[in-house]
Number of protein chains: 2
Amino acid sequence: MNERRGPTETVLMDAVARRHYLRGESKVEIAGALGISRFKVARLLDDALACGVVRIDILSPPGLDAELSERLRRAYGLRYAIVVPGEAEGRSAVAQAAADLLLEVLTPADVLGLPWSRSVSDVVNRLTTLPAIPVVQLCGGLVLAGEEGSSSDVVRRAARIAGGPNHVFYAPLILDDAESAGALRRLASVRDALAHVPTVTVAIMGVGAWVPGGSTVCDAVSDRTRAEVASTGVVGEMGGVLFDAGGRPVDSELSARIVAITGAQLRAIPNVIAVAHGAAKVTAIDAAVRGGLVHSLVTTAATATALLAGAPLPSTN
Amino acid sequence: MNERRGPTETVLMDAVARRHYLRGESKVEIAGALGISRFKVARLLDDALACGVVRIDILSPPGLDAELSERLRRAYGLRYAIVVPGEAEGRSAVAQAAADLLLEVLTPADVLGLPWSRSVSDVVNRLTTLPAIPVVQLCGGLVLAGEEGSSSDVVRRAARIAGGPNHVFYAPLILDDAESAGALRRLASVRDALAHVPTVTVAIMGVGAWVPGGSTVCDAVSDRTRAEVASTGVVGEMGGVLFDAGGRPVDSELSARIVAITGAQLRAIPNVIAVAHGAAKVTAIDAAVRGGLVHSLVTTAATATALLAGAPLPSTN
DNA sequence: GCTGCGTCTGCTCAGATGAGCGAGTATCTT
DNA sequence: AAGATACTCGCTCATCTGAGCAGACGCAGC
């Protein structure tokens with residue numbers, strides 16, 4: 001980084017830098033045109049870079065924190081990690097990013113799996129097009145007061161957009177007892193739909209935390225049940241599958257009352273894309289990813305930062 | 001320039017661009033680290049450049065207009081062309097640039113030639129160091145009222161800074177008649193100094209225009225003499241040498257009254273650096289350069305632009 | 001479903017490039 | 001003035017890189 005440089009050298013450096021970086025000429029070309037050796041050209045360019053005459057900016061694309069995404073991906077060994085800036089306005093940005101990701105990742109050979117979930121519904125609402133692939137429903141629906149109807153139709157809506165075959169059913173996610181749940185599972189429509197679960201190659205799912213307000217499942221059960229489940233080590237839930245801090249599916253009494261894919265089936269899906277953010281969910285997301293239930297993650301910068309704070313540092317390469 | 005791009009691709013592009021442009025990793029390296037082909041890396045980088053994710057700025061160094069310098073150099077086939085921004089504040093900036101250029105260009109094998117000149121005095125005032133080389137005075141001095149003494153000492157000051165041998169003399173530049181001038185030229189001190197002129201390899205000189213106020217020589221002679229000289233086609237003056245619009249030295253009656261190097265001697269100096277600017281001097285500068293009296297030029301942006309307006313366009317390469 | 005078209009991917013090979021070396025030269029010290 | 005030191009320059013050789021090409025894949029029309 002030679003600070004002292006004569007005006008001739010400076011003018012030369014500028015000319016070389018312009019030709020190389022703006023006009024795209026090769027160093028050999030420049031050397032020939034200016035009558036200097038290609039080594040001199042290379043050294044001038046190095047100096048120009050070192051002393052700030054040439055400035056290169058990488059602009060993070062709008063609506064995406066590429067650097068955090070990459071760090072998160074490396075830290076967890078994720079297939080894809082997409083981080084949108086901020087946290088407050090995360091809801092729609094995350095959904096949009098997830099929809100884009102889905103569109104990018106899906107091939108005509110894939111089979112898409114979808115659970116009932118508010119987050120997933122948001123994602124599907126952002127989809128305008130999809131390959132003509134089969135769509136498989138992964139679990140029953142929870143209809144909350146005030147938004148019955150449309151939101152339980154996530155899978156049908158996705159299937160309509162795709163135009164491919166759909167394997168959907170009408171059934172609640174949680175029953176009052178194991179017997180009712182069993183009966184539903186034996187119902188032809190349910191059984192036929194769930195029979196296609198092993199063919200699913202890509203699923204997009206929300207992640208719930210096992211705390212009040214952290215998951216629709218958690219909120220839907222009694223205080224007593226919630227406590228019982230918590231005492232078995234459950235920290236989170238995905239599409240009706242409960243899992244502990246190690247991301248291991250946990251079978252509890254509640255599991256028997258749920259109409260959804262099994263933990264083993266979830267784990268067998270090759271590419272599970274999780275869409276989740278919020279401070280309350282950090283532990284659950286961390287567990288799901290570490291446990292291998294999730295292969296790709298779409299989240300907010302705040303959540304990603306919190307995850308990285310507890311995650312192993314990225315390797316150096 | 002593929003505008004549509006999924007988030008994964010975008011994140012990848014960002015990562016690749018960061019590694020390549022900011023960390024300086026080779027494309028092969030990046031390809032290996034990210035598990036993609038080097039061709040993909042190259043294409044991502046091309047796209048990143050094309051769609052503005054990577055932005056490269058060439059910052060013109062402060063106090064120097066590199067682009068104009070280069071254009072001026074090409075247009076006139078100059079060895080060195082240095083253009084400082086603006087025109088108003090040109091005086092000191094030009095002097096500084098010339099001093100820097102001199103320092104950069106001079107080698108211990110050179111012999112420096114200097115005329116009396118206000119511009120050259122400014123340049124020497126900016127010099128703090130010089131190689132230990134001989135310094136040769138090129139012409140007699142004109143002492144203006146109010147600044148006698150120091151300013152005629154240009155050559156001595158330069159020699160003191162250099163620390164090498166000096167070949168200086170005390171004599172006025174213009175005498176009242178040819179006889180007085182001849183006598184002075186025969187004076188031992190003058191003759192000995194001028195005998196070294198053929199050894200001069202680098203000279204730094206001002207350029208005067210043959211209009212009132214355009215040159216100290218022009219201002220020092222009578223109106224009648226000025227008109228006579230003008231009628232012989234003289235447009236400018238350098239260190240006592242008068243020249244016409246083609247840059248050809250002109251011998252007039254005035255020439256015989258001047259104690260200075262001859263036009264032939266001036267032309268024989270391998271590298272004459274001219275320091276000159278101002279709208280009035282454009283014609284004179286143009287003539288001197290085209291005539292081959294000047295090989296390098298230090299000037300202002302306004303003057304350079306005016307010169308370029310009348311000069312042949314730069315060749316394309 | 002089959003075929004043509006446009007796009008994307010990775011390959012070959014020639015030319016471009018970087019790391020390190022040794023010679024020549026300027027600068028500093030004694 | 002002479003030697004030591006630091007610097008710049010251009011070279012060689014191994015590696016990297018770009019242009020163009022061929023095959024694979026997805027898409028639209030019959």
Worksheet item: How long is the gap from CG on Leu44(A) to CG on Asp14(A), to the nearest 0.5 Å?
Response: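 So the CG of Leu44(A) and the CG of Asp14(A) are separated by 11.0 Å.
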
Worksheet item: Would you say dC9(D) has OP1 or OP2 under 4.0 Å from some side-chain N or O of Lys40(A)?
Response: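 Yes, within the criterion.
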
Worksheet item: Can you pull the salt bridge (charged side-chain N to carboxylate O under 4.0 Å, His left out) pairs that have at least one residue in residues 119-130 of chain A, sequence neighbours excluded?
Response: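 Passing the test, one end in residues 119-130 of chain A: Arg91(A)-Asp122(A), Arg118(A)-Asp122(A).
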
Worksheet item: Can you pull the salt bridge (charged side-chain N to carboxylate O under 4.0 Å, His left out) pairs that have at least one residue in residues 28-42 of chain B, sequence neighbours excluded?
Response: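 Passing the test, one end in residues 28-42 of chain B: Glu9(B)-Lys40(B).
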
Worksheet entry | Five-pair end axes of the helix from dG1(C)-dC30(D) to dT30(C)-dA1(D) and the angle they enclose, rounded to 10° |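 Angle reported: 30°, given to the nearest ten degrees.
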
Discussion item. Pairing donors with acceptors under 3.5 angstrom, does anything connect the side chains of Ser121(B) and Arg157(B)?
Written reply: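 There is such a pair (donor and acceptor under 3.5 Å, judged by atom type) between the side chains of Ser121(B) and Arg157(B).
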
Please report, rounded to the nearest Å, how far the [atom2] atom of [N] is from the [atom1] atom of [X].
X: Leu44(A); N: dG18(C); atom1: CG; atom2: C1'; value: 16 Å
X: Ile36(A); N: dC9(D); atom1: CD1; atom2: P; value: 10 Å
X: Met13(B); N: dC8(C); atom1: CE; atom2: P; value: 12 Å
X: Arg19(A); N: dA16(C); atom1: CZ; atom2: P; value: 16 Å
X: Glu104(B); N: dT8(D); atom1: CD; atom2: P; value: 12 Å

Worksheet entry | Given DNA chain D, 5'-ward residue of the pair Glu25(B) and Glu9(A), judged by closest heavy atom |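 It is Glu9(A), whose closest nucleotide lies nearer the 5' terminus.
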
By side chain to side chain donor-acceptor pair (under 3.5 Å), which residues pair with [X], not counting sequence neighbours?
X: Arg55(B); value: Asp57(A)
X: Ser119(A); value: none
X: Asp46(B); value: none
X: Thr10(A); value: none

Item to complete: List in chain and number order the residues that pass salt bridge (charged side-chain N to carboxylate O under 4.0 Å, His left out) with Lys27(B), two or more places apart in sequence or in another chain; answer none if no residue qualifies.
Response: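 None.
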
Fill in: Listed partners of Asp100(A) passing salt bridge (charged side-chain N to carboxylate O under 4.0 Å, His left out), at least two apart
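Partners of Asp100(A) under the salt bridge (charged side-chain N to carboxylate O under 4.0 Å, His left out) test: none.
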
What's touching nucleotides 1-6 of chain D from the protein side, N or O pairs under 3.5 Å?
none

Worksheet item: Nucleotide by nucleotide, 5' to 3', does protein get under 4.0 Å of the base (B), only the sugar-phosphate (S), or neither (-) in nucleotides 18-30 of chain D, counting heavy atoms?
Response: BB-------S---

Worksheet item: What pairs with Arg73(B) under side chain to side chain contact (heavy atoms under 4.5 Å, CB included), at least two apart in sequence or on another chain?
Response: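 Glu70(B), Leu78(B), Ala81(B).
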
Practice prompt. Tell me which of Ser37(B) and Glu29(A) sits closer to the 5' end of DNA chain C, going by the nucleotide each one is nearest to.
Written response: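 This one resolves to Ser37(B).
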
